[in-house]
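Throughout, a chain's letter reflects where its sequence line sits, starting with A, and its residues are numbered from 1. Worth saying up front: this structure is predicted, and the values here are computed from it rather than measured.
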Number of protein chains: 2
Amino acid sequence: MNQIVTNKDPEKILRNYLEKGNLRKTKERFSILKEIYNLKTHFSVESLHEHLLREHYKISLATVYNTIEHLLACKLIRRHHFEQNLSIYEPAIGQRQHDHLICSDCGYVLEFCDPRIQQIQDTMGELLNFRITGHSLHLYGHCNKLKENGICPHFEKKK
Amino acid sequence: MNQIVTNKDPEKILRNYLEKGNLRKTKERFSILKEIYNLKTHFSVESLHEHLLREHYKISLATVYNTIEHLLACKLIRRHHFEQNLSIYEPAIGQRQHDHLICSDCGYVLEFCDPRIQQIQDTMGELLNFRITGHSLHLYGHCNKLKENGICPHFEKKK
DNA sequence: CTAGCTGCAAAAAATTTGCAGTCAT
DNA sequence: ATGACTGCAAATTTTTTGCAGCTAG
């Protein structure tokens, strides 16, 4: 680390990454990044692609997949694997470290922070002689409101 | 819960589950369970099916998928989603509830338990008004021994 | 007997790949 | 100009489904 990266502007990070890798700065790549950061939510490749079409971009699914790989490589997004075999992504700049609570009924994702997870990391790293670099914690459950009235309050957000 | 289940024999648990649900006790279902508990390792549907064929069982993939659902329902196995979009399963009886520490260098998986994770579940369930049913916690890191001598001690266990 | 189960093959769902034409540099 | 990128369609991979025949109860 002989260069301190202070810039938190996603577009500049992408530009920098593409230049370093001798990759092309295509309009598709920047459009996809822009829309991801507009959305600010968790998304799948398919939901992102549908969003792009609604916004009248002419970008193919294959290009979305291609671009996602680059955005992962330069850490502009993170990939998650929740209960289904479907990759879910989220923008990764300007967010606190957090974990996820996933509703098993509607797939709705809530974010939370708990300092005890850091303590677990420290304890286990020492105990098992590992240098821990990160974690993923998913809690799964059901909205209590679902039990009360039979309607999942997040259901309309279901795909 | 008006019946206390004390029996930890997987076959009896399956038998009990099938009887309660008016489901058939087919030889395929018991063969699959037996082989899973013989293997004692993490497995995918495909790797399990291949194992069954090697052991000269004549069981189709569709039946493996069907049976896996039942074994999940009666908690004889657990499903995980690690980095790829591929379901990985493990036998769940005779094992303490545990989480996973994954070595990013060699893919080796260590299991661990920490009571604080249960506390986090309880806190967040109450705070966010969810009935939490389960969690998955993955810690990622590097063996310290790797740093010391450049050789990952678990490397030979890599798949 | 007769529902539920199995095996097979076809369908679906998610992702990857091949390739001809396009575009950033 | 030229090599990387895009869009499209076909291929792969993992999982689900439909259905005819089989079997546990």
Side-chain angles (χ1 to χ4, degrees), chain A residues 11 14-35 42-53 55-74 77-89 107 158-159, chain B residues 11 14-35 42-53 55-74 77-89 159:
Chain A
E11 193 179 311
L14 177 57
R15 195 175 301 280
N16 194 254
Y17 163 84
L18 293 173
E19 275 166 10
K20 274 187 186 163
N22 273 93
L23 301 164
R24 290 194 183 167
K25 303 181 204 64
T26 64
K27 62 185 184 328
E28 287 83 0
R29 287 169 180 178
F30 287 97
S31 299
I32 290 170
L33 178 64
K34 185 179 157 213
E35 290 305 317
H42 294 73
F43 59 92
S44 65
V45 170
E46 196 190 357
S47 73
L48 174 58
H49 186 233
E50 283 168 2
H51 170 79
L52 292 167
L53 296 186
E55 299 293 318
H56 304 101
Y57 290 93
K58 303 280 189 318
I59 300 179
S60 73
L61 241 196
T63 298
V64 177
Y65 274 104
N66 168 323
T67 301
I68 285 287
E69 289 306 312
H70 290 303
L71 297 180
L72 283 170
C74 59
I77 60 176
R78 277 196 215 92
R79 169 155 44 199
H80 300 287
H81 293 94
F82 297 139
E83 268 160 330
Q84 319 89 353
N85 287 328
L86 172 68
S87 295
I88 298 292
Y89 304 84
K158 187 179 183 179
K159 195 246 123 87
Chain B
E11 193 178 310
L14 176 58
R15 195 174 301 279
N16 196 253
Y17 162 85
L18 293 173
E19 274 166 11
K20 275 187 186 161
N22 272 93
L23 301 164
R24 289 194 183 166
K25 303 182 204 62
T26 64
K27 60 184 184 326
E28 287 84 359
R29 289 170 178 177
F30 287 96
S31 298
I32 290 170
L33 178 64
K34 186 179 156 211
E35 289 306 315
H42 293 72
F43 60 91
S44 65
V45 170
E46 196 190 357
S47 75
L48 174 58
H49 186 232
E50 283 169 3
H51 171 78
L52 291 168
L53 295 186
E55 299 293 319
H56 304 100
Y57 291 94
K58 304 279 190 317
I59 300 179
S60 73
L61 242 195
T63 298
V64 177
Y65 274 103
N66 169 322
T67 302
I68 286 285
E69 289 306 311
H70 290 302
L71 297 180
L72 283 170
C74 61
I77 60 176
R78 277 197 215 91
R79 170 156 44 199
H80 299 288
H81 293 94
F82 294 136
E83 260 120 7
Q84 320 89 353
N85 287 329
L86 173 68
S87 295
I88 298 292
Y89 304 84
K159 200 220 128 81

Next on the checklist: Does the protein touch nucleotides 14-25 of chain D at the base, only the backbone, or not at all? Give it as B, S and - per nucleotide, heavy atoms under 4.0 Å.
Outcome noted: SBBB-----BBS
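With sequence neighbours left out, A/Arg29 forms a side chain to side chain donor-acceptor pair (under 3.5 Å) with no residue at all. With sequence neighbours left out, B/His70 forms a ring-ring contact (aromatic ring centres under 6.0 Å, His included) with B/Tyr17. Scored by the side chain to side chain donor-acceptor pair (under 3.5 Å) test, A/His42 finds A/Glu90, A/His100 as partners (sequence neighbours excluded). Applying the ring-ring contact (aromatic ring centres under 6.0 Å, His included) test to B/Tyr57 and every residue at least two apart in sequence or in another chain returns nothing.
Contact detail for A/Glu28 and A/Thr63: the closest heavy-atom pair is CB-CG2, 4.0 Å. In terms of heavy-atom proximity, A/Val64 sits nearest to A/Val45 at CG1-CG1, 3.9 Å.
Look at CG on A/Leu18: it is 12 Å from C1' on C/dA24, rounded to the nearest Å. Separating the CD1 atom of B/Ile59 from the P atom of C/dC5 is a distance of 15 Å, rounded to the nearest angstrom. Rounded to an integer number of Å, the gap from CG of A/Asn22 to P of D/dG3 is 13 Å. Computed from coordinates, the B/Tyr57 OH to C/dT6 C1' distance equals 17 Å when rounded to whole Å. As a whole-Å value, the separation of A/Gln84 CD from C/dT15 C1' is 16 Å. Residue B/Leu53 contributes atom CG, which lies 14 Å from atom C1' of C/dC8 at whole-angstrom precision. Nucleotide C/dA13 holds its P atom 16 Å from the CD1 atom of A/Ile88, rounded to whole Å. Spacing between atom CG of A/Leu52 and atom P of D/dT6 amounts to 13 Å, rounded to whole angstrom units.
Between A/Asn66 and D/dT6, a side-chain N or O to OP1/OP2 separation shorter than 4.0 Å is present.
When the C1' atoms of four end pairs are superposed on the next four at each end of the helix from C/dC1-D/dG25 to C/dT25-D/dA1, using five pairs per end, the two resulting axes differ in direction by 30°, to 10°.
Salt-bridge check for A/Arg15 with A/Glu11: passed, with a basic side-chain N closer than 4.0 Å to an acidic carboxylate O. Note on A/Glu83 versus B/Arg79: no salt bridge recorded, every NZ/NE/NH1/NH2 to OD/OE distance being 4.0 Å or above.
Remark on DNA chain C: of its neighbouring residues B/His70 and A/Glu28, the 5'-side contact belongs to B/His70, judged by nearest-heavy-atom nucleotide.
Side-chain N or O atoms of A/His49 include none that pairs as donor or acceptor with a backbone N or O of A/Ala62 at under 3.5 Å.
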